[in-house]
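Start at 1 with the first residue, then count along the sequence.
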Amino acid sequence: MNVGHEIKTRAKVAAKHSRKLSLPGAIIWVTCVHVTIGLATLLAYLLSGNETWIRVYFDYQGALFFLVFGGLEFFLTVLARRQFYADEPLRKAW
């Protein structure tokens, strides 16, 4: 009759089934969306030759900054995540 063990086991099961998006996951998701939109805009410009595609995307101040550093952030996040073993708790945070 190990009551403490049963409580820990139930907590782990509940945590595994949680579909809630973590903050690092949200940051990675938003970064991927931003980079994808930027690449789609670049592709549309290259295929059509119409500058409007580039102007619409980069019309606000700092768009290139956010695009470049968003990609850099994603790359560094992947590198940091690889430094942890699969069973380490901080791996999930990255």
* Joint hydrophobic cluster, V35 plus L46, side-chain heavy atoms closer than 4.5 Å -> yes

* Is it true that L47 and L42 fall in one hydrophobic cluster, defined by side-chain heavy atoms closer than 4.5 Å? -> no

* Asked: Nearest 0.5 Å, what's the CZ-SG distance between F74 and C32?
  -> 4.5 Å

* To do: Could you grab the distance from atom CZ of R81 to atom CD1 of I28, nearest 0.5 Å is fine?
  => 7.5 Å

* Cluster check V78, Y85: I/L/V/M/F/W/Y, side chain < 4.5 angstrom -> no

* Asked: Do you reckon Y45 sits in the same ILVMFWY cluster as L43, going by side-chain contacts under 4.5 Å, direct or chained?
  -> no

